[in-house]
> 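Below you will find the structure I want to go over with you.
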Amino acid sequence: MRSTVLLVEDERKLRDLVRSYLERAGFEVLSAASGAEAISLASSADPDLIVLDLGLPDVAGESVAREFLVAGATPILILSGKCAEADRIAGLELGADDYVTKPFSLRELVLRVQAILRRRGPANGCGVNRFGAGMLVIDEPGRQALVRGTIVDLTPTEWGILTALAAAPGRVYSRREMINRVRAYEFDGYERTIDTHVKNLRRKVEQNPRKPTTIQTVHGGGYRLGITRDA
Ligand code: CA
C-alpha cells in the first residue's frame with residue numbers, strides 16, 4: 001500500500017517540485033498552501049506523514065505542527081528557511097521527526113521521508129503493538145499496557161511517555177519534546193519532572209529498574225525505547 005504524504009508549502013513552484021519528486025518515489029501526495037488548508041486536509045485524509053513548511057502565510061508553521069502533534073501521532077518533517085542551529089533544535093523539540101533547511105536536495109528530502117516511515121513501521125490496524133518479542137504490549141484502544149503478560153497500572157503521564165516513545169522505537173526524544181508529546185495529559189512542564197515520571201515508569205516496566213533496557217537514557221539527549229517492535 002502506498003503511503004500518503006501531506007505537503008504543506010505556500011511557494012507554488014517549490015510545492016510542485018517536491019510533489020512531483022515524492023510522487024516519482026511512489027508516494028501519494030496531498031498538498032496544501034496554508035496552515036488552515038493543511039489542518040482540514042489532515043483531519044479528513046489522515047496522512048502517514050506531513051512535510052511542513054514553517055513559513056506559512058496564515059499561521060506560523062510551529063502552531064500547525066503543535067496542532068498535528070496533539071491530534072495524533074502523525075510524523076512531521078519540517079521544511080524551514082531558518083538555518084540557525086537554535087531553530088533546528090526548536091523544530092525537533094516541537095516533536096518533529098526531522099528537519100530540513102532550505103535550499104535542500106530533493107533526493108535527500110525523499111530519503112528522509114522514507115527513513116521516518118521506516119522508523120515508524122507499519123501500523124497493524126487494530127492499535128495493539130508488541131515490542132521486544134511480546135515483552136511489552138501496548139493496547140492503544142484499550143489504553144493499557146502489558147508487561148510480560150501482566151497489565152501494569154500507569155498514570156496518564158506515564159502512559160503518555162510510554163506511547164510517545166513507542167511511536168518510534170529507537171528514536172531519541174529530548175525531555176522538552178516529551179513534554180510536548182504528553183502535553184495532552186496533566187503535566188507541569190518542567191523538564192526534570194520527566195525524569196521522575198520515567199523513574200516511576202521504569203519501576204513498572206523494567207525487569208531491573210537499575211539497569212533499564214526498555215526505556216533507555218541517552219546522555220545529553222533524552223530517552224528512547226530500547227526494544228524493537230515485533231513484526
Ligand atoms: Ca513558505
Side-chain angles (χ1 to χ4, degrees), residues 2-120 123 164 167-168 171-184 189 221-222:
R2 293 208 294 168
S3 298
T4 304
V5 174
L6 170 59
L7 169 64
V8 190
E9 169 60 66
D10 60 312
E11 283 168 67
R12 222 193 98 206
K13 267 171 94 174
L14 183 59
R15 190 172 65 235
D16 290 349
L17 203 61
V18 173
R19 180 188 189 116
S20 73
Y21 234 80
L22 286 169
E23 282 176 347
R24 249 181 292 161
F27 293 104
E28 177 110 32
V29 184
L30 301 167
S31 54
S34 68
E37 207 183 321
I39 289 163
S40 92
L41 258 178
S43 58
S44 62
D46 193 22
D48 298 299
L49 181 140
I50 299 165
V51 174
L52 176 69
D53 173 31
L54 283 191
L56 294 172
D58 54 345
V59 279
E62 285 89 341
S63 54
V64 179
R66 273 194 204 100
E67 188 125 352
F68 288 141
L69 291 166
V70 168
T74 313
I76 296 182
L77 183 147
I78 283 177
L79 293 182
S80 171
K82 303 168 182 173
C83 63
E85 181 70 11
D87 291 320
R88 211 185 102 81
I89 303 284
L92 293 174
E93 285 188 343
L94 263 180
D97 284 70
D98 206 350
Y99 190 100
V100 173
T101 306
K102 294 176 184 176
F104 52 86
S105 134
L106 288 163
R107 208 178 102 77
E108 191 193 338
L109 178 75
V110 168
L111 290 175
R112 285 177 182 239
V113 165
Q114 288 167 335
I116 295 171
L117 291 172
R118 238 192 343 262
R119 219 159 47 208
R120 290 284 184 126
R171 179 186 182 288
V172 180
Y173 287 84
S174 69
R175 291 177 175 81
R176 170 60 41 196
E177 211 178 322
M178 285 172 68
I179 290 169
N180 289 332
R181 295 260 174 174
V182 300
R183 220 160 33 116

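Just follow the structure's listing: the first ligand is 1, and inside any ligand the first atom is 1.
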> Tell me, please, if L14 has any N/O/S atom, main chain or side chain, under 3.0 Å from the Ca ion (ligand 1)?
no
> Under a 4.0 Å threshold between the charged nitrogen and the carboxylate oxygen, would K102 count as salt-bridged to D53?
yes
> With no hydrogens and no angle check, is any side-chain donor or acceptor of R19 less than 3.5 Å from a backbone partner on V29?
yes
> Of all N, O or S atoms in D10, which has the smallest distance to the Ca ion (ligand 1)?
OD1
> Would you say the side chain of L79 lies within less than 4.5 Å of the side chain of L77, judging by non-hydrogen atoms?
yes
> Near the Ca ion (ligand 1), is there an N/O/S atom from D53 that is less than 3.0 Å away?
yes
> May I ask you to decide if T4's main-chain N or O and D48's side chain share a donor-acceptor pair within less than 3.5 Å?
yes
